[in-house]
2 protein chains.
Amino acid sequence: MAAMQVFWARGYDAASTRDLLAAMQISRSSLYQAFGNKEQLFLEALGRYRTGLVERLQRRLDEAPTALAFFEALYRDTAREAESERAALGCLIFNSATELGQRGDRPAREASLSVEVITGLFHQAVERGQAEGDIAAHRDARALALYLTLGMAGLRAMLKAGTAATEAEQAAELVLATLR
Amino acid sequence: MAAMQVFWARGYDAASTRDLLAAMQISRSSLYQAFGNKEQLFLEALGRYRTGLVERLQRRLDEAPTALAFFEALYRDTAREAESERAALGCLIFNSATELGQRGDRPAREASLSVEVITGLFHQAVERGQAEGDIAAHRDARALALYLTLGMAGLRAMLKAGTAATEAEQAAELVLATLR
DNA sequence: CCAAATCCGGAACGAACGGTCCAGATATGG
DNA sequence: CCATATCTGGACCGTTCGTTCCGGATTTGG
């Protein structure tokens with residue numbers, strides 16, 4: 001969905017309906033007939049983003065030799081995005097969660113829920129890693145999952161702030177160090 | 001400055017000049033005479049925020065028994081803010097850096113610079129901690145400083161996403177574990 | 001005490017916002 | 001082939017945006 005890209009690049013509030021129309025290549029009336037309003041279009045876009053991201057992460061996790069290797073690849077690949085256009089976009093979920101904060105409306109709640117979904121996936125990955133013996137078993141799996149979500153949110157924030165690739169990679173490496 | 005609070009709570013774009021006038025209790029013409037425009041008012045507010053924050057952090061660092069104790073108190077106090085109104089506000093610097101991203105204009109550049117200033121303060125604190133022997137000396141000080149800034153940005157993002165206090169504290173504790 | 005300089009409330013500007021609406025284009029099906 | 005149903009381009013709505021501007025209030029200084 002093209003609307004996703006617009007919300008991703010500009011944020012919920014700053015994405016105007018005119019931006020959305022231009023990207024989706026449809027007319028105003030079609031948008032309102034098909035989605036009701038801007039809020040529902042955003043919810044649809046965020047839902048699709050989350051579904052796609054979870055699918056991709058789950059596949060990478062399933063295909064990874066170890067859960068630790070999964071986290072290492074995820075963090076290193078993300079850090080290496082530094083200084084690219086892709087890095088400036090960030091992640092729609094973290095972007096939305098920080099923009100909408102505790103606003104209390106549906107978009108805000110859905111963004112928070114999406115962060116929790118990511119943490120849930122990380123939790124499952126950590127448990128696998130602890131069973132495999134690659135991830136320190138003496139630490140609480142849920143706490144590690146929260147820590148890894150925090151790390152990703154922080155890394156994405158640093159990339160948005162313009163941190164250089166080498167520095168992002170060094171910081172990411174230190175996040176990973178806690179797993180061992 | 002009252003304008004700071006408005007930018008802090010609502011973000012740069014979402015803070016309307018009418019919001020700002022109401023908070024500052026001045027008239028429209030006074031604002032434009034005194035600050036030129038909204039962008040310059042924001043730069044002023046962000047500058048004051050940064051100065052105040054750096055002063056407070058530096059004092060806490062100077063008064064802390066060890067640099068490690070400084071980081072522990074900072075992270076724990078921040079995590080404990082979870083579920084409060086204060087946590088929903090986040091930090092003006094990280095808020096601005098993530099909202100404005102790599103937009104290239106003055107506000108965006110100033111936000112990125114502010115993040116770097118925080119990292120610089122952390123760098124100095126890490127070096128003191130390594131000299132004192134409380135912080136692992138085998139790790140690069142600059143990398144640790146970047147990691148700690150990343151951790152703070154991540155923690156603030158989690159608080160905005162509505163993470164519970166107990167979970168925020170657990171995650172913060174894991175960030176601190178890397179220092180030892 | 002008055003003249004001069006400064007300040008400020010509020011009206012007004014053009015532009016952009018999210019959302020509505022209808023005439024005309026397009027597709028459907030008997 | 002035409003009647004009917006569906007879709008859509010774009011004008012338009014009221015509101016809000018950042019900014020400008022000016023007449024009148026307030027302060028200042030001699």
Side-chain angles (χ1 to χ4, degrees), chain A residues 1-49 88-89 92-93 95-111 114, chain B residues 1-49 89 92 95-111 114:
Chain A
M1 185 192 297
M4 198 180 77
Q5 310 269 355
V6 178
F7 283 122
W8 196 353
R10 323 240 300 123
Y12 176 61
D13 276 333
S16 76
T17 55
R18 282 156 184 88
D19 293 337
L20 294 162
L21 296 181
M24 299 168 80
Q25 299 253 56
I26 63 171
S27 85
R28 201 158 198 79
S29 36
S30 308
L31 187 153
Y32 281 90
Q33 189 274 327
F35 297 98
N37 57 27
K38 180 181 168 179
E39 177 175 312
Q40 286 178 45
L41 175 60
F42 173 77
L43 293 173
E44 186 86 21
L46 178 60
R48 278 178 198 252
Y49 181 93
L89 285 181
L92 179 58
I93 290 175
N95 290 357
S96 303
T98 55
E99 175 189 353
L100 308 175
Q102 293 292 74
R103 221 162 66 168
D105 55 5
R106 280 260 298 161
R109 289 202 308 276
E110 211 63 29
S114 299
Chain B
M1 188 192 297
M4 197 181 77
Q5 310 268 355
V6 178
F7 284 122
W8 195 353
R10 322 238 304 122
Y12 177 60
D13 277 333
S16 76
T17 54
R18 285 156 183 86
D19 292 337
L20 293 162
L21 295 181
M24 298 169 80
Q25 300 253 56
I26 63 170
S27 87
R28 203 158 198 79
S29 36
S30 308
L31 187 153
Y32 281 89
Q33 191 273 328
F35 297 98
N37 56 26
K38 180 180 168 179
E39 177 175 313
Q40 287 179 46
L41 174 59
F42 173 77
L43 292 173
E44 186 86 22
L46 179 59
R48 278 179 197 250
Y49 182 91
L89 285 182
L92 180 59
N95 291 358
S96 302
T98 56
E99 175 188 354
L100 308 176
Q102 292 292 74
R103 223 161 66 170
D105 55 5
R106 279 261 295 161
R109 289 202 308 276
E110 211 62 29
S114 299

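Every chain is numbered from 1, with letters handed out A, B, ... down the list of sequences.
Going from atom OH of A/Y32 over to atom P of D/dC12 covers 18 Å, rounded to whole Å. Distance A/R28 CZ to D/dT8 P: 15 Å, rounded to the nearest Å. Look at CD on A/Q40: it is 13 Å from C1' on C/dG19, rounded to the nearest Å. Atom CD in B/Q25 sits about 13 Å away from atom P in C/dC8, given to the nearest Å. Residue A/L21 contributes atom CG, which lies 14 Å from atom C1' of C/dT20 at whole-angstrom precision.
Considering only side-chain atoms of A/N37, the nucleotide from C/dC8, C/dG19, C/dA12 that sits closest is C/dG19. Closest to the side chain of A/S29, out of D/dG10, C/dC7, D/dC21, is D/dG10. In this structure, the nucleotide among D/dC21, C/dG18, C/dC22 sitting nearest to the side chain of A/S16 is C/dG18.
Of the two residues contacting DNA chain D, namely B/G36 and B/D19, the nearest-nucleotide position lying further toward the 5' end is that of B/D19.
A close approach under 4.0 Å does not occur between any side-chain nitrogen or oxygen of A/S27 and OP1 or OP2 of D/dG10. Regarding contacts with the backbone of C/dG18, a side-chain N or O of A/T17 is found under 4.0 angstrom from either OP1 or OP2. Taking 4.0 angstrom as the limit, A/S30 places a side-chain polar atom (N or O) nearer than this to OP1 or OP2 of D/dT8.
If you check every strand for non-hydrogen atoms under 4.0 Å, B/A14 touches nothing.
The two residues A/Y12 and A/L100 come nearest to each other via the heavy atoms CD2-CD2, 3.9 Å.
Among residues at least two apart or in separate chains, salt bridge (Lys or Arg N to Asp or Glu O under 4.0 Å) pairs with a member in residues 17-38 of chain A are A/R10-A/D19.
In this structure the side chain of A/L21 reaches within 4.5 angstrom of the side chain of A/L31, judged on heavy atoms.
Contacts between residues 1-13 of chain B and DNA chain C, counted as heavy-atom distances below 4.0 Å, involve no residue at all.
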